[in-house]
Amino acid sequence: MKKCPENELHSPLLQIQGCCTMVVVCCGILQKTGSVIFSRNFLAMESQVTQSWFSAFPSLSQQSEHSVFETEEVRYCCHQIQPFYLVMVTTRTSNIIQDLECMRTMVRIVQDQVQMAALSITEKALKQCQFDIMAGWDEEISSGYPNNLTVDEIDKNIAMISYEEEHYKRMQKEREKNAKKALQRKMSEFSEQNQGRIGGHVGQMSISHVPHSRPDTYGAAASRMGAGPSRELGHSSASASRAAAPVRPQVRGLKLRRAEKPRENLVEELKHEVSNPDSTAATAPQAPAPVGEPAPDLPVVIVANENLHCTLHPNGRVASMKVVGEIKLTVRDPAATHLTVRTRRGVNTGVTFQKHPNLHADDWRSQGIMRNAKPFPLHSAVPVVRWDTESGVSRDVPLVVSVWVENDGHLTIEYELKEDIPLTDVAIMIHCAGVDARGPDVKLTAGSYRFDSDSETLFWQHDLIDASNASGTLEITVPQSALEELYPIPFAFNSERMLCDIDIEGVSTESGESVPFAFIRRMAAEKCMVDTE
């Protein structure tokens, strides 16, 4: 079979008159009006040329009573697939018998792919099966020349399993799994480091040497370190009772040394000091309560947890986002089991709230009041309200991560704080495949970094991101091959504020008596990443 020279195949009008035995230029499925549903070019050429040929098909078909007709440039072969036409454009010098045989194969491919999808031949079904149909056409036609395959052979080729693709998918899932494990491990390290900074290791020192710290300054320091959620007291008498009542040292931390035999005497001495405060100095300070745990003397504790799921494009635009939250209420005082909780809800666009079935519907809907139809159980965290964002509703995420990639493997990762919400324990993980154990050269304007050679992952870490460091960049250079495995880039953070604007204004009993309470907010980026898909 004589083939066209390479320079002739790429000319605008193909210049294929009289030089080829058969060349299939293009093939498409058209409506009766000439509108193209989809088409496939088998030679490199401008789309305007094939579009002009397809546009001329309705008028030419009306002038001819046959399924094969010619113009000065090309030959048309058509077959009606009700209510559409399959139109194949070939050279004028091609063999008409081969043209018709090739066209029958192309028609069979279309019919089989639509039937395999259990659909009837409609425009929607054709577009849905477009990829498989074109894949079958490519098996039959290579660079304009037919391969003379049967339909069964084409179906077999299309259904072949790509071991390279399966291996790539397995490696991608393994990298995501390792990245999640590394993120959880790093978050645990952050929590341990922050607790160590504020004197959390009480079991390693004498009670008389624990530094004194007022409850308010301790809570502020904990919030700056990201060690625990914010705590709001809903009644002035609660603050007074906490300030007046001494907080007992946490003996629970001393149990860490119980397994060590040489330390048994020391533990007994410390227990004796705790149980006999007069034996210590009069000015001995009290150990602070553990961070994140509400004061034990408060009869009501309300905890709001909010989880963020989002996927960002490399340019920082939000691809998908979902916010899920829940409020749980714990009653510690038997006299406060019948409660009325007054809430304030701000403007929450696209947020849907759902109350517990035991709450009075009218009070919640009209006034935002949570009143239970039966007593709250003691010492049990009861979910009372849930919320989530509606599908299709998106807003700015608190932290936007964008990626700038250059051809030489130079990467610039940028973060920007979009909401006025301080974030703690921020970690951005960049997979650097093919980098040696020392890691890539890093230039950053904020935070710190650590390279894990086992997982080939660079951790960009920030203890706190707020208005003082609302944006920052990190620049690295990786091998060109690593760019194919760069995404997804996971990131995580915590916060003491939530995206949903909801607050607790007060808690009271049935008689109207105010009840002291603690309201704790927590927000966490549960599954956030930058991805190209």
Side-chain angles (χ1 to χ4, degrees), residues 215-216 219 223 228-243 245 289 291-308 323-390 421 494-524:
D216 55 348
S223 64
S230 64
R231 182 182 305 137
E232 296 183 3
L233 297 182
H235 197 267
S236 59
S237 62
S239 300
S241 63
R242 292 180 60 195
V291 177
E293 296 185 6
D297 56 343
L298 293 178
V300 177
V301 177
I302 305 173
V303 179
N305 290 311
E306 189 175 63
N307 295 325
L308 173 64
V323 179
V324 179
E326 184 179 52
I327 294 180
K328 292 186 176 181
L329 186 145
T330 304
V331 177
R332 298 177 172 180
D333 187 356
T337 54
H338 291 83
L339 293 175
T340 298
V341 181
R342 299 183 304 277
T343 65
R344 180 198 59 81
R345 286 181 288 175
V347 179
N348 296 292
T349 305
V351 177
T352 302
F353 289 91
Q354 181 184 10
K355 69 169 187 63
H356 193 279
N358 289 338
L359 297 181
H360 291 284
D362 294 338
D363 293 342
W364 169 255
R365 185 166 45 251
S366 60
Q367 305 177 45
I369 293 177
M370 294 186 291
R371 182 181 292 113
N372 207 19
K374 55 184 179 180
F376 286 99
L378 285 174
H379 307 290
S380 177
V382 179
V384 290
V385 173
R386 299 173 182 167
W387 67 87
D388 60 3
T389 54
E390 299 174 356
I421 299 178
N494 295 323
S495 181
E496 301 169 0
R497 294 174 57 185
M498 302 187 303
L499 294 176
C500 179
D501 186 7
I502 185 170
D503 197 5
I504 306 298
E505 293 185 339
V507 179
S508 59
T509 60
E510 287 183 321
S511 61
E513 181 181 356
S514 180
V515 178
F517 68 94
F519 182 39
I520 301 172
R521 300 182 181 92
R522 302 188 184 108
M523 180 182 66

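Rounding to the nearest 0.5 Å gives a distance of 9.5 Å between CD of Gln367 and CG of Asp362. The CD atom of Gln354 lies 10.0 Å from the CD atom of Glu326; values are rounded to the nearest 0.5 Å. For the atom pair NE2 (His356) and CD1 (Ile327), the distance works out to 13.5 Å, reported to the nearest 0.5 Å. Atoms CE and CG, from Met498 and Asp503 in turn, are 8.5 Å apart once rounded to the nearest 0.5 Å. Between the CZ atom of Arg371 and the OG1 atom of Thr340 there is a distance of 4.0 Å, given to the nearest 0.5 Å. Atoms CE and CD, on Met523 and Glu496 in that order, are 10.5 Å from each other to the nearest 0.5 Å.
Between the side chain of Thr343 and the main chain of Gly368, a donor-acceptor pair closer than 3.5 Å is present.
Nearest heavy-atom pair across Phe517 and Ile504 is CE1-CG2, 3.7 Å. Nearest heavy-atom pair, Ser508 versus Arg342, reported as atom, atom and distance to 0.1 Å: OG-NH1, 3.7 Å. Of all non-hydrogen atoms in Val300 and Val507, the two that sit nearest each other are CG2-CG1, 4.5 Å. Residues Val331 and Ala336 share a closest heavy-atom pair of CG1-O, 3.4 Å. Heavy atoms only, all atoms of each residue included: Pro516 and Leu298 are closest at CB-CD2, 4.0 Å. In terms of heavy atoms, Ser495 sits closest to Ile421 at OG-CG2, 3.0 Å.
Considering only heavy atoms from C-beta on, Val382 stays 4.5 Å or farther from Asn372 through its side chain. Side-chain contact check for Phe376 versus Val384: some heavy-atom pair is nearer than 4.5 Å. By the 4.5 Å heavy-atom criterion applied to side chains, Leu359 and Met370 are counted as neighbours. A heavy-atom distance below 4.5 Å is not found between the side chains of Thr330 and Val303.
For the side-chain contact (heavy atoms from CB on, under 4.5 Å) criterion with Ile502, the lone passing option out of Glu306, Arg345, Arg521 is Arg345.
Considering only residues two or more places apart in sequence or on other chains, Arg344 meets the side-chain hydrogen bond (donor to acceptor under 3.5 Å, both in side chains) condition with Asp501.
Between Phe353 and Trp364, the ring planes lie perpendicular to each other; the angle is over 60°, past the 30° to 60° tilted range.
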